[in-house]
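Below is one structure, written out as structure tokens; comments come after it.
Atoms within each ligand, like the ligands themselves, are counted from 1 in listed order.
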Amino acid sequence: MSDILSKLSAAIIEGDFGSTPEMAETALEEGLDAGEILNQGLMPGMDHVGVEFKAGNMFVPEVLRSARSMQAAMDIIRPLLAETGIDQTGKVIIGTVKGDLHDIGKNLVGMMCEGAGFEIIDLGKDVEPDAFVEAVKEHSPNILGMSALLTTTMRAMEQTIKALEEAGIRDSVKVMIGGAPVTKSFAEKIGADGYAANAASASDMAKEFAA
Ligand code: B1M
């Protein structure tokens, strides 16, 4: 791997968000293309972060710094990725469900999935079931991700899946859910395709779904 790509991976792992944009620019100046920077610099860095987070060797504040470092580099290469039409891993629509304003975990999941090469369409928080349905119709994603942090808003996940069914598009998309009160058995009960306990598992699951 080129020296600058190794440095970029290391900067992401260290959460050095001040230097990753410049490194991405240097990599471009050295003649590397946006796809190489994404696949051989940013993604290996975030993969490592995911492994360390799952193993309990990194914690949420460090992962947020790493995700911010990756975002900062992505801001440099994203327009070039779009221009060159480089294939991304797939497309993820993500949002926090209706009635729920917690978005830190959802943002982390989005960033980890972006680090894994997905295009992310973030609908934000307090997202109505119909808004998820319209977004699925408009963007045809591989995965629809829903986050809920309140026991009272978990019901909106089920309502959203029902709304997808009523719109006749349930089978066009894999539904992944998560958030502190959410469990695997709840996901099974409401007919979601998958439950992920944390952002790293969510990005792994998204990769499996898109494969
Ligand atoms: Co609120 N809040 N909050 N809160 N808040 C909790 C969730 C709570 C557990 C605190 C408590 O009482 N101990 C409690 C919920 C109780 C319950 O329902 N069981 C609670 C409450 C009650 C409330 C209010 C009702 C308080 C009030 O006003 N009386 C109110 C509700 C507002 C609303 O949503 N309508 C409220 C408000 C807020 C703030 C706005 C102040 C703020 C949110 C700011 C924001 O998000 N921008 C807030 C916060 C920060 C929290 C705590 C302290 C932290 C949540 C967090 O960000 N965790 C939380 C207590 C706690 O969890 N310790 C609490 C860090 C984040 C990285 O973890 O979101 O779990 P998490 O995400 C993880 C995984 O769950 C998973 O991956 C992430 C990364 O590993 N994951 C997914 C998440 N989404 C996923 C989606 C996936 C897959 C995995 O697939 C798509």
Side-chain angles (χ1 to χ4, degrees), residues 12-13 15 46-71 89-129 131-133 135-136 139 141-161 163-164 170 172-211:
I12 284 174
I13 294 163
M46 276 316 274
D47 277 349
H48 183 87
V49 171
V51 170
E52 292 297 311
F53 180 56
K54 264 199 216 165
N57 299 327
M58 279 179 86
F59 300 97
V60 168
E62 295 160 288
V63 176
L64 285 172
R65 280 179 71 95
S66 292
R68 190 172 162 193
S69 309
M70 190 205 67
Q71 284 280 327
T89 314
K91 207 184 278 184
V92 177
I93 288 182
I94 193 163
T96 303
V97 295
K98 180 183 163 186
D100 201 319
L101 302 177
H102 297 85
D103 65 357
I104 298 169
K106 180 267 295 172
N107 292 343
L108 204 45
V109 171
M111 288 186 228
M112 287 295 284
C113 289
E114 186 170 27
F118 284 92
E119 178 187 349
I120 306 300
I121 296 157
D122 187 345
L123 304 182
K125 52 198 173 187
D126 191 15
V127 181
E128 295 278 344
F132 279 115
V133 169
V136 170
H139 300 285
N142 308 74
I143 294 137
L144 170 62
M146 288 186 276
S147 178
L149 262 285
L150 299 171
T151 44
T152 47
T153 57
M154 287 164 66
R155 284 186 55 236
M157 294 176 151
E158 186 171 11
Q159 290 164 359
T160 303
I161 291 175
L164 289 169
R170 171 65 187 90
S172 72
V173 69
K174 294 282 187 192
V175 175
M176 175 169 75
I177 64 172
V182 178
T183 59
K184 190 167 184 285
S185 63
F186 176 75
E188 283 163 4
K189 186 173 146 239
I190 67 168
D193 297 296
Y195 154 75
N198 57 52
S201 311
S203 132
D204 288 346
M205 183 174 283
K207 281 189 265 184
E208 276 170 34
F209 282 156

- Message: To the closest 0.5 Å, what do you measure between CE (Met58) and CD1 (Ile13)?
- Response: 8.0 Å
- Query: What residue and heavy atom of the protein are closest to atom 65 (C) of ligand 1, and at what distance?
  - Reply: Ile104 CG2, 4.4 Å
- Specify side chain, backbone, both or neither for Met146, according to which of its non-hydrogen atoms lie closer than 4.0 Å to ligand 1. backbone
- Query: Does the protein put a heavy atom under 4.0 Å from atom 63 (N) of ligand 1?
  - Reply: no
- Query: Atom OH in Tyr195, atom CE in Met157: separation rounded to 0.5 Å?
  - Reply: 10.0 Å
- Evaluate the 4.0 Å heavy atom contact test for atom 35 (N) of ligand 1: does a protein atom fall under the cut-off? yes
- Under 4.0 Å from atom 8 (C) of ligand 1, do we find at least one protein heavy atom? no
- Which ligand 1 atoms, with their elements, are less than 4.0 angstrom from a heavy-atom of Phe53? 80 (O)
- Item | Distance from atom 85 (C) of ligand 1 to nearest protein heavy atom, with residue and atom | Gly178 C, 3.4 Å
- Counting only non-hydrogen atoms of the protein, does one fall under 4.0 Å from atom 41 (C) of ligand 1? no
- Just wondering, do Met111 and Val109 contact through their side chains at under 4.5 Å, heavy atoms? no
- Task: Would you confirm whether any non-hydrogen atom of the protein falls under 4.0 Å from atom 4 (N) of ligand 1?
- Result: yes
- Atoms of ligand 1 close to Asn198 [distance to a heavy atom under 4.0 angstrom, numbered from 1]: 76 (C), 77 (O), 80 (O)
- Item | Beyond-backbone contact of Phe186 with Met154, side-chain heavy atoms, under 4.5 angstrom | yes
- Take atom 90 (O) of ligand 1 and look for protein heavy atoms under 4.0 Å from it; say yes if you find one, no if not. yes
- Message: I need the single residue from Ile94, Thr96, Val182, Ile161 that forms a side chain to side chain contact (heavy atoms under 4.5 Å, CB included) with Met146. Which is it?
- Response: Ile161
- Message: If we count only non-hydrogen protein atoms and require a distance under 4.0 Å, does atom 81 (N) of ligand 1 qualify as touching the protein?
- Response: yes
- Rounded to the nearest 0.5 Å, how far apart are OG of Ser203 and NZ of Lys54? 8.0 Å
- Query: Are any of the N or O atoms of Leu108 closer than 3.5 Å to those of ligand 1?
  - Reply: no
- Task: Test salt bridge (charged side-chain N to carboxylate O under 4.0 Å, His left out) on Lys106 and Asp100 and set out the steps.
- Result: CA-CA 11 Å; Lys106 180 267 295 172; Asp100 201 319; over 6 Å; no
- Query: Counting both backbone and side chain atoms, is some N or O of Ala180 under 3.5 Å from an N or O of ligand 1?
  - Reply: yes
- Message: To the nearest 0.5 Å, what is the distance between NZ on Lys98 and CZ on Phe132?
- Response: 11.5 Å
- Message: If I apply the N/O under 3.5 Å rule, does Ala202 come out as touching ligand 1?
- Response: no
- Query: Nearest protein heavy-atom contact for atom 19 (N) of ligand 1: which residue, which atom, what distance?
  - Reply: Thr151 CG2, 3.7 Å
- Query: Would a distance-only check, ignoring hydrogens and angles, find a side-chain to backbone donor-acceptor pair under 3.5 Å from Glu62 to Phe59?
  - Reply: yes
- Output yes when a side-chain donor or acceptor of Lys125 lies under 3.5 Å from a complementary backbone atom of Gly95, and no otherwise. no
- Measure from atom 27 (C) of ligand 1 to the protein's non-hydrogen atoms and state whether any distance is below 4.0 Å. no
- Task: Just let me know how Tyr195 lines up against ligand 1, side chain, backbone, both or neither, with a heavy-atom cut-off below 4.0 Å.
- Result: neither
- Just by distance, do the side chain of Ser66 and the backbone of Ile12 share a donor-acceptor pair under 3.5 Å? yes
- Task: For atom 46 (O) of ligand 1, grab the closest protein heavy atom and report residue, atom and distance to one decimal in Å.
- Result: Asp103 N, 2.8 Å
- Item | Short side-chain to backbone donor-acceptor contact, Asn142 and Gly90, under 3.5 Å | no
- Side chains of Ile93 and Ile143 in contact at under 4.5 Å (non-hydrogen atoms): no
- Check: Val175 main-chain N/O paired with Asp193 side-chain donor or acceptor under 3.5 Å: yes
- Item | Side-chain donor-acceptor pair present, Ser201, Asp204, cut-off under 3.5 Å | no
- Query: Can a non-hydrogen atom of Gly99 be found less than 4.0 Å from any atom of ligand 1?
  - Reply: yes
- With a 4.5 Å limit on heavy-atom distance, are the side chains of Leu144 and Lys174 in contact? no
- Query: Nearest to atom 84 (N) of ligand 1, what protein heavy atom do you find, and at what distance?
  - Reply: Ser147 OG, 2.8 Å
- Counting no waters, what protein N/O/S atoms lie under 2.8 Å from atom 1 (Co) of ligand 1? His102 NE2
- Message: Starting from atom 68 (O) of ligand 1, what is the nearest protein heavy atom, named by residue and atom, and what distance separates them?
- Response: Gly105 CA, 4.3 Å
- Within-4.5 Å side-chain heavy-atom neighbours: Ile177 and Ile190: yes
- Message: Under 4.0 Å from a heavy atom of Ala196: which atoms of ligand 1 are those, numbered in the order shown and with their elements?
- Response: 88 (C), 89 (C)
- Message: Can you name the atoms of ligand 1, numbered from 1 with element, that are less than 4.0 Å from a heavy atom of Gly145?
- Response: 91 (C)
- among protein heavy atoms, the one nearest atom 74 (C) of ligand 1 is Ala197 O, 3.4 Å
- For Asp100, take its heavy atoms, then give the atoms of ligand 1 lying under 4.0 Å from any of them. 34 (O)
- Message: Is any side-chain heavy atom of Leu149 closer than 4.5 Å to one of Leu101?
- Response: no
- Query: Is Arg170 reaching over with its side chain to a backbone N or O of Val173, donor-acceptor style, under 3.5 angstrom?
  - Reply: yes
- Message: If the cut-off is 4.0 Å to any non-hydrogen atom of Gly179, which atoms of ligand 1 fall inside it?
- Response: 75 (O), 81 (N), 82 (C), 83 (C), 84 (N), 85 (C)
- Note on the structure: Quick look: Val63 vs ligand 1, heavy-atom contacts under 4.0 Å, and the answer is neither
- Going by distance only, is there an N or O of Thr152 that falls short of 3.5 Å from an N or O of ligand 1? no
- Message: Does any part of the side chain of Val136, heavy atoms only, come nearer than 4.5 Å to the side chain of Leu164, both counted from C-beta?
- Response: yes
